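Structure first, commentary second.
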Amino acid sequence: MADPKGFMTTPREEWPRRPVDERVRDWDEVYVPGALLPIVSRQADRCMDCGVPFCHDACPLGNLIPEWNDLVSREDWRAAADRLHATNNFPEFTGRLCPAPCEAGCVLAINQPAVTIKNVEVAIADRAWADGFTPPRPPDRLSGRTVAVVGSGPTGLAAAQQLTRAGHTVAVYERDDRLGGLMRYGIPEFKMEKRHLERRLEQMRAEGTKFRTSTMVGRDVGATELRARYDAVVIATGATAWRELAVPGRELTGIHQAMEYLPLANRVCEGDLAESPMSAAGKHVVIVGGGDTGADCLGTAVREGAASVTQLDIYAQPDAERDEDAEPWPTYPKIYRLSAAHEEARDLETAPAADADARLFAASTLRFEGDADGRVRSLHLVEVDAERRPLDGSGRSLPADLVLLALGFSGPDRADGLIDQLRLAMAPRGTITRDADFATSARGVFVAGDAARGQSLIVWAIAEGRAVAAAVDRYLTGSSQLPAPIGPYDRPMTV
């Protein structure tokens with residue numbers, strides 16, 4: 001604890017964002033480059049080095065937050081990087097993409113703004129790369145055991161890196177043409193530039209991990225064939241089966257799933273396309289779904305030059321402060337948050353009819369209407385109460401040339417045949433079942449991440465990858481020294 005009075009003398013200060021009118025004209029990350037380091041040491045001083053640091057419990061990785069806060073406040077960046085990487089394979093990802101449940105669990109947050117844990121984390125990660133504190137760590141010797149990891153999202157990559165460093169020969173299979181899963185084609189460039197992903201992948205290649213892209217297990221390679229080829233298989237395909245909206249007019253042209261729309265915008269940034277065939281340019285856009293994926297669609301549509309963008313959230317607008325009775329500290333509260341995309345929409349007034357920024361709260365879609373050519377032209381909605389019951393006289397319509405459905409995901413996609421070929425047992429909610437050792441009903445086949453847990457956060461995905469690696473290592477060798485931060489049945493803190 002470098003400054004025992006830091007939490008009393010220093011106010012919370014976050015990484016400043018670039019001006020809205022500047023950042024919406026490009027796809028670069030929204031934050032001011034280089035503006036974090038001058039403030040982050042002072043912000044780390046606000047950490048109280050609590051006797052019982054609840055930020056540990058709020059973070060499934062068990063990040064050693066007070067330790068690296070103290071080291072950053074003393075500007076010992078190498079030691080801070082060591083402590084950060086001791087629990088997290090990819091802090092530059094979580095520091096940009098995680099909603100920071102650790103900050104909700106910060107003891108200071110009981111009656112003050114929390115420590116800027118997420119900002120400190122990403123500052124350490126970026127400084128570690130800049131100063132060469134993250135060299136490849138290939139194993140001293142190989143075990144002679146082989147592991148196939150199916151899926152290259154954060155769970156698959158974390159599992160692969162841990163198992164490679166333990167000495168096993170690991171090959172990662174990815175159905176897309178590039179690695180990264182949703183981090184590659186689902187997360188917009190303005191939230192995380194893909195250079196951060198490429199840098200980690202190069203590190204993993206140097207450590208010995210092998211990658212096979214454009215390979216769909218179940219089609220290009222049979223799942224049973226893959227199992228016979230390797231000593232163990234880890235399924236980390238994520239939850240990619242999107243939820244549908246069964247209302248009249250859904251068949252109209254111009255209504256798409258968010259994960260049909262976002263990958264095309266990312267491919268424009270990758271240089272694959274000059275322009276997205278689903279571009280929002282000049283269109284009235286309505287996004288159905290109030291979560292992070294909907295916000296990603298919002299920021300993307302704004303950058304593509306949409307005529308208007310409105311986001312529908314079926315929940316009522318939350319309060320700005322935590323409801324201590326319903327969601328007491330240290331749980332993660334549902335409060336009104338202004339993401340970078342919502343800030344842009346508010347300042348640019350993309351949705352004049354919205355309640356706040358670009359969002360219409362307590363709004364439920366009734367139907368779509370189209371023109372003579374079968375293209376969507378309007379969305380009809382109604383306000384709902386807390387039980388999602390329509391309110392009389394609240395119906396209205398919005399112009400809509402492009403509708404994006406961001407309603408979340410129910411579980412892994414079964415169309416590739418992987419699940420059926422391995423005859424894996426499934427849970428009623430559509431996820432793959434597993435035992436206390438992350439093992440599926442097929443011997444030697446393990447599952448981790450959203451494919452088994454269901455749709456979750458990146459920090460849980462990485463924790464799952466680290467934990468399943470320890471389980472696979474035990475299966476192959478009889479014991480393991482790899483850390484297992486969570487069990488398959490652990491869940492976030494709730495009331």
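If you're wondering where the values come from, they're calculated on a predicted model, not measured in any experiment.
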May I ask you to test the Phe190-Arg23 pair for a side-chain heavy-atom distance under 4.5 Å? no
Establish, from distance only, whether the side-chain atoms of Ser456 and Asp450 form a donor-acceptor pair under 3.5 Å. no
Can you measure from CH2 (Trp242) to CD (Gln455) and round to the nearest 0.5 angstrom? 13.5 Å
Quick one: list whatever passes salt bridge (charged side-chain N to carboxylate O under 4.0 Å, His left out) with Arg165, sequence neighbours left out. Glu207
Quick check: closest heavy atoms across Leu84 and Ala125, and the distance to 0.1 Å? CD2-N, 4.1 Å
Please list all pairs meeting side-chain hydrogen bond (donor to acceptor under 3.5 Å, both in side chains) that have one or both residues in residues 477-495, counting only residues at least two apart or in different chains. Asp473-Ser480
Sequence-distant partners of Phe409, ring pair (Phe, Tyr, Trp, His ring centres under 6.0 Å), two or more places apart: none
Could you give the distance from CG (Leu179) to CD (Glu198), rounded to the nearest 0.5 Å? 7.5 Å
Would you tabulate the side-chain donor-acceptor contacts of residues 288-301 under 3.5 Å, counting partners in other chains and residues two or more places apart, or write 'none'?
{"from": "Asp296", "atom 1": "OD1", "to": "Lys191", "atom 2": "NZ", "distance (Å)": "3.1"}
{"from": "Thr300", "atom 1": "OG1", "to": "Asp296", "atom 2": "O", "distance (Å)": "2.8"}

State, yes or no, whether a side-chain contact exists between Gln43 and Thr10 at a heavy-atom distance under 4.5 Å. yes
What pairs with Arg453 under salt bridge (charged side-chain N to carboxylate O under 4.0 Å, His left out), at least two apart in sequence or on another chain? Glu464
Is the backbone of Cys59 close enough, under 3.5 Å, to the side chain of Asn63 for a donor and an acceptor to pair up by distance? no
Is there a side-chain contact between Val302 and Leu348 (heavy atoms, below 4.5 Å)? yes
So how far is it from His56 NE2 to Cys50 SG, rounded to the nearest 0.5 Å? 9.5 Å
Examine the side chains of Gln203 and Gln161 and answer whether a donor and an acceptor come within less than 3.5 Å of each other. yes
Arg337: what forms a side-chain contact (heavy atoms from CB on, under 4.5 Å) with it, not counting sequence neighbours? Tyr332, Pro333, Ile335
Have a look at Ser73 and tell me which of Leu71, Asp70, Asn69, Asp76 forms a side-chain contact (heavy atoms from CB on, under 4.5 Å) with it. Asp70
Other residues, nucleotides, ligands: >12 heavy atoms within 6.0 Å of Lys194 NZ: yes
Consider only side-chain N and O atoms of Glu304 and Tyr261, and report whether a donor and an acceptor are under 3.5 Å apart. yes
Tell me if the CD atom of Glu260 is crowded by more than 12 foreign heavy atoms within 6.0 Å. yes
Contact check, side chains of Arg78 and Asp131, non-hydrogen atoms, under 4.5 Å: no
For Arg141, enumerate each residue passing the side chain to side chain donor-acceptor pair (under 3.5 Å) test, keeping only those at least two apart in sequence or located in another chain. none
Using only heavy-atom distances, determine whether the side chains of Asn89 and Gln162 contain a donor-acceptor pair under 3.5 Å. yes
By the definition side-chain hydrogen bond (donor to acceptor under 3.5 Å, both in side chains), identify the one residue from Arg200, Arg205, Arg199 that meets it with Glu202. Arg205
Supply the atom-to-atom distance Tyr185 OH to Cys269 SG, rounded to the nearest 0.5 angstrom. 11.5 Å
Shortest non-hydrogen contact from Gly34 toward Pro38: O-CD, 3.3 Å
Determine whether Glu193 and Asp28 make a side-chain contact, defined as any pair of heavy atoms from C-beta on separated by less than 4.5 Å. yes
Determine whether Val447 and Val234 make a side-chain contact, defined as any pair of heavy atoms from C-beta on separated by less than 4.5 Å. no
Any residue meeting side-chain contact (heavy atoms from CB on, under 4.5 Å) with Arg346, in chain and number order, not counting sequence neighbours: Leu338, Glu343, Asp357
Closest non-hydrogen atom pair, Gly449 against Arg434: N-NH1, 4.2 Å
For Leu482 versus Ala469, what's the shortest heavy-atom pair and its separation? CD1-O, 3.8 Å
What residue pairs, at least two apart or across chains, pass side-chain hydrogen bond (donor to acceptor under 3.5 Å, both in side chains) with a residue in residues 314-330? Tyr315-Arg388
Partners of Glu121 by side chain to side chain donor-acceptor pair (under 3.5 Å), sequence neighbours excluded? Asn88, Thr94
Could you tell me if the side chain of Val107 sits less than 4.5 Å from the side chain of Met48, heavy atoms only? yes
Would you indicate whether the side-chain heavy atoms of Asp21 and Asp347 approach each other to under 4.5 Å? no
Mind checking salt bridge (charged side-chain N to carboxylate O under 4.0 Å, His left out) for Asp355 and listing every partner two or more places apart, or none if nothing turns up? none
Applying ring-ring contact (aromatic ring centres under 6.0 Å, His included) to Tyr173 and Phe211, what does each step give before you reach the verdict? CA-CA 6 Å; Tyr173 289 78; Phe211 294 102; over 10 Å; no
Assign the ring pair Tyr475 / Phe446 to parallel, tilted or perpendicular, where the plane angle (0 to 90°) is split at 30° and 60°. perpendicular
Name every donor-acceptor pair, under 3.5 Å, that has one atom in a side chain of residues 96-103 and the other anywhere in the protein, sequence neighbours excluded.
{"from": "Arg96", "atom 1": "NE", "to": "Glu29", "atom 2": "OE1", "distance (Å)": "3.1"}
{"from": "Arg96", "atom 1": "NE", "to": "Glu29", "atom 2": "OE2", "distance (Å)": "3.2"}
{"from": "Arg96", "atom 1": "NE", "to": "His196", "atom 2": "NE2", "distance (Å)": "3.4"}
{"from": "Arg96", "atom 1": "NH1", "to": "Glu92", "atom 2": "O", "distance (Å)": "3.2"}
{"from": "Arg96", "atom 1": "NH1", "to": "Asp126", "atom 2": "OD1", "distance (Å)": "3.3"}
{"from": "Arg96", "atom 1": "NH2", "to": "Asp126", "atom 2": "OD1", "distance (Å)": "3.4"}
{"from": "Arg96", "atom 1": "NH2", "to": "Asp126", "atom 2": "OD2", "distance (Å)": "2.8"}
{"from": "Arg96", "atom 1": "NH2", "to": "His196", "atom 2": "NE2", "distance (Å)": "3.3"}
{"from": "Glu103", "atom 1": "OE1", "to": "Arg12", "atom 2": "NH1", "distance (Å)": "3.3"}
{"from": "Glu103", "atom 1": "OE1", "to": "Arg12", "atom 2": "NH2", "distance (Å)": "3.0"}
{"from": "Glu103", "atom 1": "OE2", "to": "Ile117", "atom 2": "N", "distance (Å)": "3.1"}
{"from": "Glu103", "atom 1": "OE2", "to": "Lys118", "atom 2": "N", "distance (Å)": "3.0"}

